[in-house]
Amino acid sequence: MDTPDRLWNRDFTLICLGQLLMVMAFYAAMSTFTLFLEKHLGLSGPLLGILAACSIISAIFARPLAGHWLDTLGRRAVYLPAFCLFGALFFLYPTINGVLGIGALRLVHGMAWGTVIGAAGTTAVDLIPPSRRGEGIGWYGLFMVLAMAVGPACGLFVVESRGFDALFIAAGLVSLLGWLTVLRLHFPAVKLERRRFSVRRSLEKTALPVASATFFVTLSYGTLMNYAALYAKNELHASPTLFFSFFAAGTAASRLLGGKMYDRRGPRRILGISLLLLTLGLIFMALFKSPALFFASALLQGVGDGLCVPILMAMVNDMVPPEKRGGANATLMTFFESGIFCGVLITGALYDTTGWTFVFLLMAAFMVVAALLIRFRVLPHFERVRATRLGAELPEANIR
């Protein structure tokens, strides 16, 4: 029999496995997409960045609607159809060659991704005991980290041995296997509120301070995930696979530590450490052109990301009741994806003209902005809101 504080039950295991397969397929395709555009369509600079970002911007627009659906239609009605669509769309890539067709497909695919990743995260939080929320989100995020490690490596291997068409077909098959896995989920009962959609109501105001800081954190994430392979091959003649492997290793090593520290001591100290590591990693990339230090920066940023992201997610979910959780997660992920999107566009516009050193220093400056927002706006807001909900779900020890 499951105890109230038991984390690893059947349903939490299934959603973690489904997430592993879905995100692995996504990162296998995303991490090689700029190479695909450069080699097969001969693109570079701003147009490359725009096409790479098409899926991100459509995911951004899908987030508020997905959050509304999650809180009004329920988790199952959103999660399972969006997951199936996300996997099926991979099979269309080998049939489309033109710039406009690829752009349109990326837009639709991004909408499916934005919907399914938000639905998966909200459902996972529903399945985690409140007293172990930080740890549970850390474990859930660890499966994403494993996918981030395996996905790019597998994607590059398939591209080099079989080509891009084989990559997209493989990504589709892996995604649909993940969908079959989560078909067996038992979704927790959540009170649903029937209301019409509006952008203003779909964005949860309580989550906005955390979400705004998240935007600045993920600017550099968009740069790394979309351009690290290009930078490694063209500038350093180093292995992109090793970069992603070091990044994922750092994230995996820190995910569970950060979540447990959050459950016991709150977010203040661990967020400061994570932002310092992320900033140092970007400065290393900007100032040193050594492959060894390039991989060291990947490790630093992986540790920083592993500490930071699950804590921001846990903070948002700790400030709202379950019936507002879909909207709160949609708000957070809208800003999360917006940061990635802007990072892709900024990098695409600048790396050809200003050089990579300027790009990485600019991303480090954005990380300092995030640190200032968290210190003077986010943490006071979190502590104030959680104080009003004290006793509802979490013990007082979490408000620090």
Side-chain angles (χ1 to χ4, degrees), residues 8-30 55 58-93 105-128 136-137 139-141 143-144 146-147 151 168-195 197 202 313 317 322-330 332-334 336-337:
W8 285 104
N9 54 41
R10 169 187 176 276
D11 291 319
F12 186 68
T13 302
L14 286 176
I15 200 168
C16 285
L17 291 175
Q19 187 76 347
L20 172 71
L21 294 169
M22 178 181 69
V23 178
M24 184 170 67
F26 176 75
Y27 277 97
M30 187 179 81
S55 62
S58 59
I60 293 169
F61 283 105
R63 292 291 188 186
L65 186 59
H68 171 78
W69 285 339
L70 287 167
D71 289 339
T72 57
L73 301 178
R75 298 353 182 194
R76 176 186 291 274
V78 180
Y79 182 35
L80 296 181
F83 201 151
C84 185
L85 176 63
F86 170 77
L89 286 171
F90 278 111
F91 296 103
L92 295 181
Y93 282 92
L105 180 56
R106 291 285 286 178
L107 288 171
V108 177
H109 213 171
M111 292 184 69
W113 167 254
T115 302
V116 70
I117 197 71
T122 301
T123 304
V125 173
D126 290 340
L127 295 168
I128 297 170
I137 291 174
W139 275 109
Y140 176 75
F143 279 79
M144 294 186 66
L146 293 175
F168 293 128
I169 292 171
L173 292 173
V174 170
S175 297
L176 292 180
L177 179 61
W179 175 70
L180 291 174
T181 301
V182 299
L183 278 178
R184 302 172 58 201
L185 270 178
H186 296 133
F187 290 79
V190 176
K191 179 183 176 182
L192 302 178
E193 180 184 353
R194 300 294 180 180
R195 65 179 189 270
F197 173 75
S202 66
M313 186 175 178
N317 282 278
E323 61 269 20
K324 291 187 176 182
R325 198 169 281 156
N329 282 301
L332 177 69
M333 295 310 296
T334 297
F336 187 100
E337 298 280 5

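We count residues from 1, following the sequence as given.
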* Asked: Met111 and Leu85: side-chain contact (heavy atoms from CB on, under 4.5 Å), yes or no, with the steps?
  -> CA-CA 10 Å; Met111 292 184 69; Leu85 176 63; over 6 Å; no
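In this structure Trp69 satisfies the ring-ring contact (aromatic ring centres under 6.0 Å, His included) test with no other residue, sequence neighbours excluded. Evaluation of the side-chain contact (heavy atoms from CB on, under 4.5 Å) rule for Met24 yields Leu21, Ala147, Val150, Val174 as partners, not counting sequence neighbours. Take Tyr93 and apply the ring-ring contact (aromatic ring centres under 6.0 Å, His included) test, not counting sequence neighbours, and it matches His109, Phe168. Partners of Phe12 under the ring-ring contact (aromatic ring centres under 6.0 Å, His included) rule, at least two apart in sequence or in another chain, are Trp8.
The closest side-chain heavy-atom distance from Phe90 to Ile169 is not below 4.5 Å. Residues Leu73 and His68 have side chains not in contact (no heavy-atom distance under 4.5 Å, counting atoms from C-beta outward). Within the 4.5 Å cutoff, the side chain of Thr13 has heavy atoms near those of the Leu17 side chain. With a 4.5 Å cut-off on side-chain heavy atoms, Leu127 and Pro188 count as touching.
Minimum interatomic distance between Ala25 and Ala171 (heavy atoms only, all atoms of both residues): CB-O, 3.4 Å. Closest of all the heavy-atom pairs between Thr115 and Ala62 is OG1-CB, 3.9 Å. Contact detail for Phe61 and Pro64: the closest heavy-atom pair is O-CD, 3.5 Å. Residue Ala88 comes nearest to Leu176 through the heavy atom pair N-CD2, 4.1 Å, listed as atom of the first residue, atom of the second, then distance. The nearest pair of heavy atoms linking Leu70 to Gly118 is CD1-O, 3.9 Å. Of all heavy-atom pairs spanning Gly121 and Tyr140, the tightest one is N-OH, 3.4 Å.
The CG atom of Leu89 lies 9.5 Å from the SG atom of Cys84; values are rounded to the nearest 0.5 Å. Note that the CZ atom of Arg184 and the CG atom of Leu14 stand 5.5 Å from one another [nearest 0.5 Å]. Atom CG of Leu332 sits about 9.0 Å away from atom CZ of Arg63, to the nearest 0.5 Å. Note that CZ of Phe26 and CD1 of Ile117 are 8.0 Å apart. Values are rounded to the nearest 0.5 Å. With rounding to the nearest 0.5 angstrom, the CZ atom of Phe83 is 5.0 Å from the CE atom of Met22.
Evaluated for a side chain to side chain contact (heavy atoms under 4.5 Å, CB included) with Thr123, the options Asn329, Val78, Val182, Ile15 yield exactly one hit, Ile15.
Residues in residues 112-122 take part in no salt bridge (charged side-chain N to carboxylate O under 4.0 Å, His left out) pair, two or more places apart or across chains. Listed by first and then second residue, the salt bridge (charged side-chain N to carboxylate O under 4.0 Å, His left out) pairs involving residues 74-92 are Asp71-Arg75, Arg75-Asp126 (not counting sequence neighbours).
The backbone N or O of Ser55 sits less than 3.5 Å from a side-chain atom of Ser58, completing a donor-acceptor pair.
More than 12 heavy atoms of other residues, nucleotides or ligands sit less than 6.0 Å from atom CZ of Phe187.
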